[in-house]
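What follows is a short report on a single structure.
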Amino acid sequence: MVTIIGGGIAGTVLAGALARDGMAVTVFESRPAVRAGAFLFLDDRGHDALEGLGVARDRLYAASQPVSTIRVEYAPGPVRSRPSNHRMYLRADLMGVLTEFAASTPAEFHYDTPIADLDLESRTLCGDSTRFAADELIIAADGIDSRARNHLEPERTPEYAGQVVVYGRTDKPLQPDTEPSVLHFNGQIDETVSPTPAFGHIWNDSISVWFARITREQLAAADIGIQPVAPWVGAVESTAPAISDTIDLLLANTETAHFSNARNVPFARAEPPHPGLILCGDADHAITPAAGVGARDAIEDAAALHRALREGTSPTEAMAARRQQIDAERRQATPPGRSRRS
């Protein structure tokens, strides 16, 4: 028996994959449904992992938009352009495919069921309402504000990464003066150690989306989520003055956007994975959206756990190996607009 806390991307696809293999799986999700959110990008690695878990690639492609090229122009600096194997998803559309996949299996989902308490000694979830067996594995895929991580490591809390992230989507397709199906990054580089402000966008004949990373103090809790764009026009424009006409066009056709604080969950000094309660995805190693790999990391966590449970190997060792892989890849990563020598 496996209990999964969190029915987001990783929790849903892992539950479906395990149940398809004949394991008894129960998922507890605090929200009534998991279809909200902005948009995200997945590369071939993410799609390979999803396909390995049993999700049909053609269903994924039908729910997403191709990204032909990634073009980066941070001033001052050269323009860098490379072919891309990414696809862009509205998060609700990706969750629709994964929910459909999991619903075709015997996995049991309990939505609108927050985990108010978790006690490994008494083997209870949600106070006394739900008990689990001594040998039952709990996998916590409950996001950056994970209750499970707070239970295991109360000192390992999310850290503000210095930027507010804004996700916008136009109500109608537009045609900015840029190439279609190209993920454009524009921004400014300075000599400080502050996170680099940036503006990104992609459009085609059916959709236009954009995002901005604004370097500033973090938002209050009341200002997180869907908010009017109008008070933020100046701040968004300042992220990439060189493309102000494109930004103005997109802003003029966007009434509301999703606002959030970019945060990281460090794991350099994390405790070893607990044998009875495994942290997965953002619950263990959330990274600012600027890195662009958070969803893929969570999916690859799910794939590693699925492989370990299917083959009868240790899920704690699988997650320890995942941490080593993620740490190595992050050390090698170069932020957009910067060279390895900067």
With a 3.5 Å cut-off and sequence neighbours excluded, list the donor-acceptor pairs that the side chains of residues 304-313 form with protein atoms.
from : atom 1 : to   : atom 2 : distance (Å)
H306 : NE2    : D21  : OD2    : 2.7
T313 : OG1    : A308 : O      : 3.4

D142 side chain near I4 side chain, heavy-atom distance below 4.5 Å:
no
Residue set satisfying side chain to side chain donor-acceptor pair (under 3.5 Å) with S260, at least two apart, ordered chain then number -> none
CD1 on I326 to NE2 on H285, rounded to 0.5 Å
3.5 Å
Results of side-chain contact (heavy atoms from CB on, under 4.5 Å) for N204 - residues two or more places apart only
Q65, S181, S206, I207
Contacts of F109 meeting ring pair (Phe, Tyr, Trp, His ring centres under 6.0 Å) (sequence neighbours excluded), chain-then-number -> Y111
Would you check if C280 and I139 make a side-chain contact, meaning some heavy-atom pair closer than 4.5 Å?
yes
Short N-O contact, R323 and D301, less than 4.0 angstrom:
no
Exam field: side chain Q163 to backbone T196, donor-acceptor pair closer than 3.5 Å:
yes
Are L14 and L18 packed together at the side-chain level, in the sense that at least one heavy-atom pair is separated by less than 4.5 angstrom?
yes
Taking the six-membered ring for Trp and the single ring otherwise, decide whether the centroids of Y89 and H47 are under 6.0 Å apart.
yes
Excluding sequence neighbours, so at least two apart, what forms side chain to side chain donor-acceptor pair (under 3.5 Å) with R156?
E153, D284
Is I287 reachable from I214 through a run of I, L, V, M, F, W or Y residues, each pair having side-chain heavy atoms under 4.5 Å apart?
no
Would the Y167 and W210 ring centres measure less than 6.0 Å apart?
no
Check: K172 and N253 side chains under 4.5 Å, non-hydrogen atoms:
yes
For F267 and L279, run side chain to side chain contact (heavy atoms under 4.5 Å, CB included): C-alpha distance rounded to whole Å, both residues' side-chain angles, the deciding distance at 0.1 Å, then the answer.
CA-CA 11 Å; F267 63 94; L279 302 178; over 6 Å; no
Please check if the side chain of T254 supplies one atom and the backbone of T256 the other of a donor-acceptor pair under 3.5 Å.
no
Under 3.5 Å donor-acceptor, H184 side chain and E179 backbone
yes
Would you say that E317 contacts P275 through its side chain, given a criterion of any heavy-atom pair below 4.5 Å between the two side chains?
no
Exam field: side chain T12 to backbone I9, donor-acceptor pair closer than 3.5 Å:
no
Between OG of S146 and CD1 of I5, what distance do you get to the nearest 0.5 Å?
7.5 Å
Taking a hydrophobic cluster as the set of Ile, Leu, Val, Met, Phe, Trp and Tyr residues connected by side-chain heavy atoms closer than 4.5 Å, whether directly or through intermediates, do V293 and F41 fall within one such cluster?
no
Test log, rule side chain to side chain contact (heavy atoms under 4.5 Å, CB included), inputs I202 and V67:
CA-CA 8 Å; I202 184 170; V67 179; 3.6 Å; yes
If you round to the nearest 0.5 Å, how far is OG of S68 from CG of L183?
9.5 Å
About how many Å separate CD of Q332 and CG of D327, when rounded to the nearest 0.5 Å?
10.5 Å
Are Q175 and D205 side-chain neighbours, meaning at least one heavy-atom pair lies under 4.5 Å?
yes
Any salt bridge between R71 and E73, counting N to O under 4.0 Å?
yes
Could you list the residues that satisfy salt bridge (charged side-chain N to carboxylate O under 4.0 Å, His left out) with E300, not counting sequence neighbours?
R45, R322
Qualifying residues under side chain to side chain donor-acceptor pair (under 3.5 Å), relative to S84, sequence neighbours excluded
H86
Applying side chain to side chain contact (heavy atoms under 4.5 Å, CB included), run through T316 and H274 and close with a yes or a no.
CA-CA 7 Å; T316 57; H274 191 284; over 6 Å; no
Checking E255 against R169 for the salt bridge (charged side-chain N to carboxylate O under 4.0 Å, His left out) test, could you report, in this order, the C-alpha distance in whole Å, the side-chain angles of both residues, the deciding distance, and whether it holds?
CA-CA 9 Å; E255 293 186 3; R169 174 186 173 188; over 6 Å; no
Just jot down the side-chain contact (heavy atoms from CB on, under 4.5 Å) partners of H110, sequence neighbours excluded, or say none.
T26, F28, E108, T113
Looking only at heavy atoms, the pair that brings A161 and N264 closest together is CB-ND2, 3.8 Å
Closest approach of R149 and G143, non-hydrogen atoms and distance?
NH1-O, 4.0 Å
Salt bridge R31-D112, side-chain N to carboxylate O under 4.0 Å:
no
Spacing of D145 atom CG and T157 atom OG1 [to the nearest 0.5 Å]
10.0 Å
Going by distance alone, is a donor N or O of one side chain under 3.5 Å from an acceptor N or O of the other, for W203 and T178?
yes
Are E329 and R296 close enough for a salt bridge, meaning some N to O gap below 4.0 Å?
yes
Contacts of type side-chain contact (heavy atoms from CB on, under 4.5 Å), residue Q218, not counting sequence neighbours:
Y160, N261
Yes or no on side chain to side chain contact (heavy atoms under 4.5 Å, CB included) for F101 and V13, after CA distance, side-chain angles and deciding distance?
CA-CA 7 Å; F101 163 69; V13 72; 4.1 Å; yes
If I compare all heavy atoms of A19 with all of T105, which pair ends up nearest, and what's the gap?
CB-OG1, 3.5 Å
In this structure, would V2 and M319 fall into the same cluster of hydrophobic residues linked by side-chain contacts under 4.5 Å?
yes
Is the closest side-chain heavy-atom distance between H258 and V166 below 4.5 Å?
no
Return a table of donor-acceptor pairs under 3.5 angstrom between the side chains of residues 236-252 and protein atoms on other chains or two or more places apart.
from : atom 1 : to   : atom 2 : distance (Å)
S238 : OG     : A235 : O      : 2.7
T239 : OG1    : V236 : O      : 2.6

Side-chain cluster (under 4.5 Å, hydrophobic types only) that I144 belongs to, other residues
V265
Exercise: identify the closest heavy-atom pair between D93 and A63:
CB-O, 3.7 Å
Flag side-chain contact, heavy atom, 4.5 Å: L42 against L94
yes
Does atom CZ (R147) have a neighbourhood of more than 12 heavy atoms from anything else shown, all under 6.0 Å?
no
N/O donor-acceptor pair under 3.5 Å between R213 side chain and P197 backbone
no
Shared hydrophobic cluster, V164 / V233 (ILVMFWY, side-chain heavy atoms < 4.5 Å)
yes
Anything under 3.5 Å between a donor and an acceptor, one on a side chain of residues 48-61, the other on a protein residue two or more places apart or in another chain? List them.
from : atom 1 : to   : atom 2 : distance (Å)
D48  : OD1    : R57  : NH2    : 2.5
E51  : OE1    : R57  : NE     : 3.2
E51  : OE1    : R57  : NH2    : 3.1
R57  : NH1    : Y61  : OH     : 3.3
R59  : NE     : E100 : OE1    : 3.0
R59  : NH2    : E100 : OE1    : 3.2

Inter-residue atom distance I70.CD1 - F185.CZ, 0.5 Å rounding
6.0 Å
